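In what follows, residues are counted from 1 in the order of the sequence shown. Every number for a ligand or one of its atoms is a count from 1 in the order of the listing. Given the structure is predicted, the values throughout are model-derived calculations rather than measurements.
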Amino acid sequence: MRALFYSSQPYDQDSFNQAPAVPGLELHFQPARLSEDTAPLAEGHEVVCAFINDDLSAPVLERLAAAGTRLIALRSAGYNHVDLPAAKRLGLTVVRVPAYSPHAVAEHAVALILALNRRLHRAYNRTREGDFSLHGLTGFDLHGKTVGVVGTGQIGLAFARIMAGFGCQLLAYDPYPNPQLEALGARYLALPELLREAQIISLHCPLTEHTRYLINQQSLATLQPGAMLINTGRGALVDTPALIEALKSGQLGYLGLDVYEEEAQIFFEDRSDLPLQDDVLARLLTFPNVIVTAHQAFLTREALAAIAATTLDNIARWTAGNPQNLVEG
Ligand code: NAD
């Protein structure tokens, strides 16, 4: 049996080649993103392994099914990019990696907070240029600050634990409160109250029809002036043009993004020789109090190893007629 890995990077090949092999399964790595144009490459591959920016819309799934694919093995937790009713109609099974390392993403969110607060991105450039001045680098103590965690599943909990360690007060919002957060002293509030009270807000909920543009012009106006917003969830949790206006007015004091709504055409590629065509992203990158990383929060050795092991196990279990980690509409 053959599996085609779309959007595969050298680090994916390394981690999958090092994971326990599935007998009889050939792995084929393809750097191209999955799209209508590249779907025919899957001809003869019963398994297609896809990542977050691959296109798994109905027309693409139709092409894959026509080319003989039966299993879509997502090497991600998020599945908002899959047309699940279309997959069901076409008889395609979809599996995912529900948990790999929540610590990888939580720690990256904290890295963004620390870098923005202590202006490490500016200090790094300054000292390399021989500028050892400190003006404009004043930060604040995290100790005693109020941190709002939106979405308190695996990543939100790991994040909350770290922030509790800094001595922060924790606020939380989630339709399904997590007793482990309450044990850390977190107070669950309605989202509007959390947004009003928190000085730092970090988004860890999935992208759904309820969470799309959760942070928008109206909700930004209710934040504490100068608040910090961190998004390692999904790009469309925030209305990016509204963020730009809030940064311009100073209402938003700091912004750390690991995800961007239009990232699919941009992230994971070296585009340093090309003019950036996305004007919204280009504007964001002009602000000194904004850090954008290109969806790298998951990128730790431990997370890659866990993604590879679970994905191969998902394929083996599906082959044996005993599928696990199914994604159903
Ligand atoms: P999880 O399923 O463990 O937790 C998600 C939580 O969000 C759940 O507790 C759920 O009840 C809550 N939730 C659902 N709807 C909500 C809403 N309307 N408002 C607030 N909370 C809501 O998932 P996780 O493993 O913690 O991952 C969270 C998200 O992080 C994923 O959906 C994915 O989009 C994102 N993620 C990003 C990266 C990255 O590299 N940047 C990597 C992995 C996951």
Open item on the list: For Phe159, does the six-membered ring have the charged nitrogen or CZ of Arg161 within the cation-pi criterion, i.e. under 6.0 angstrom from the centroid and within 45° of the normal?
Closed with: no
- [ ] Around atom 28 (C) of ligand 1, find the nearest protein heavy atom and jot down its residue, atom name and distance.
- [x] His204 O, 3.3 Å
Task: Short N or O distance, Gln154 and ligand 1, threshold 3.5 Å exclusive - done: yes
Task: Gln218 and Tyr213: CA distance, side-chain angles, deciding distance, side chain to side chain donor-acceptor pair (under 3.5 Å) verdict - done: CA-CA 10 Å; Gln218 288 74 31; Tyr213 304 142; over 6 Å; no
Open item on the list: Checking a contact table here: which protein heavy atom is nearest atom 35 (C) of ligand 1, and how many Å away?
Closed with: Gly233 O, 3.6 Å
Task: Residue Phe298 vicinity, atoms of ligand 1 by number, heavy atom under 4.0 Å - done: 40 (O)
Task: Shortest protein heavy-atom distance from atom 31 (C) of ligand 1, along with the residue and atom involved - done: Pro206 CA, 4.5 Å
Open item on the list: Check this for me - ligand 1, Ile155, N or O atoms closer than 3.5 angstrom, yes or no?
Closed with: yes
Open item on the list: Please report whether ligand 1 has a polar contact with Tyr176, defined as an N or O pair separated by less than 3.5 Å (distance criterion only).
Closed with: no
- [ ] Using a strict 4.0 Å cut-off to heavy atoms of Tyr100, name the atoms of ligand 1 that fall inside it.
- [x] 42 (C), 43 (C)
Task: Name of the residue among Tyr6, Phe5, Phe298 meeting ring-ring contact (aromatic ring centres under 6.0 Å, His included) with Phe51 - done: Phe298
Task: Min heavy-atom dist Ala297 to ligand 1 below 4.0 Å - done: yes
Task: Contact check: Gln296 vs ligand 1, nitrogen or oxygen atoms, below 3.5 angstrom - done: no
Task: Single-linkage hydrophobic cluster, 4.5 Å side-chain cutoff, Leu284 and Phe267 together - done: yes
TODO: Give the ring-plane orientation class for Phe268 versus His295, where under 30° counts as parallel, over 60° as perpendicular and anything between as tilted.
DONE: tilted
- [ ] Using a strict cut-off of less than 4.0 Å between a Lys/Arg side-chain nitrogen and an Asp/Glu carboxylate oxygen, indicate whether Arg187 and Glu197 qualify as a salt bridge.
- [x] yes
- [ ] Could you name the option among Leu157, Leu191, Thr232 that has the heavy atom nearest to atom 41 (N) of ligand 1?
- [x] Thr232
TODO: Identify whether Val238 and Leu116 are in the same connected component of the hydrophobic contact network (ILVMFWY, side-chain heavy atoms under 4.5 Å).
DONE: no
Task: Atoms of ligand 1, numbered as shown, that sit under 4.0 Å from any heavy atom of Tyr173 - done: 19 (N), 20 (C)
Task: Atoms of ligand 1, numbered as shown, that sit under 4.0 Å from any heavy atom of Val105 - done: 38 (C), 42 (C), 43 (C)
TODO: Would you mind running through ligand 1 and noting each atom that sits below 4.0 Å from a heavy atom of Thr211?
DONE: 17 (C), 18 (N)
Task: Side-chain heavy-atom pair Asn117, Met228 within 4.5 angstrom cut-off - done: yes
Open item on the list: Can you tell me how far apart OG1 (Thr38) and CG (Asp54) are? Round to the nearest 0.5 Å.
Closed with: 7.5 Å
Task: For Asp258, the ligand 1 atoms whose distance to one of its heavy atoms is below 4.0 Å - done: 39 (C), 40 (O), 41 (N)
Open item on the list: Counting non-hydrogen protein atoms only, what is the nearest one to atom 22 (C) of ligand 1? Give residue, atom name and distance.
Closed with: Pro175 CD, 3.4 Å
Task: For Thr152, the ligand 1 atoms whose distance to one of its heavy atoms is below 4.0 Å - done: 9 (O)
Task: Any non-hydrogen protein atom less than 4.0 Å away from atom 2 (O) of ligand 1 - done: no
Task: Pair Asp313, Gln324: side-chain N/O donor-acceptor within cut-off below 3.5 Å - done: yes
- [ ] Could you say whether the N/O atoms of Asp174 and ligand 1 ever approach to under 3.5 Å?
- [x] yes
Task: Heavy-atom nearest neighbour in the protein, as seen from atom 33 (C) of ligand 1, with distance rounded to 0.1 Å - done: Arg234 NH1, 3.7 Å
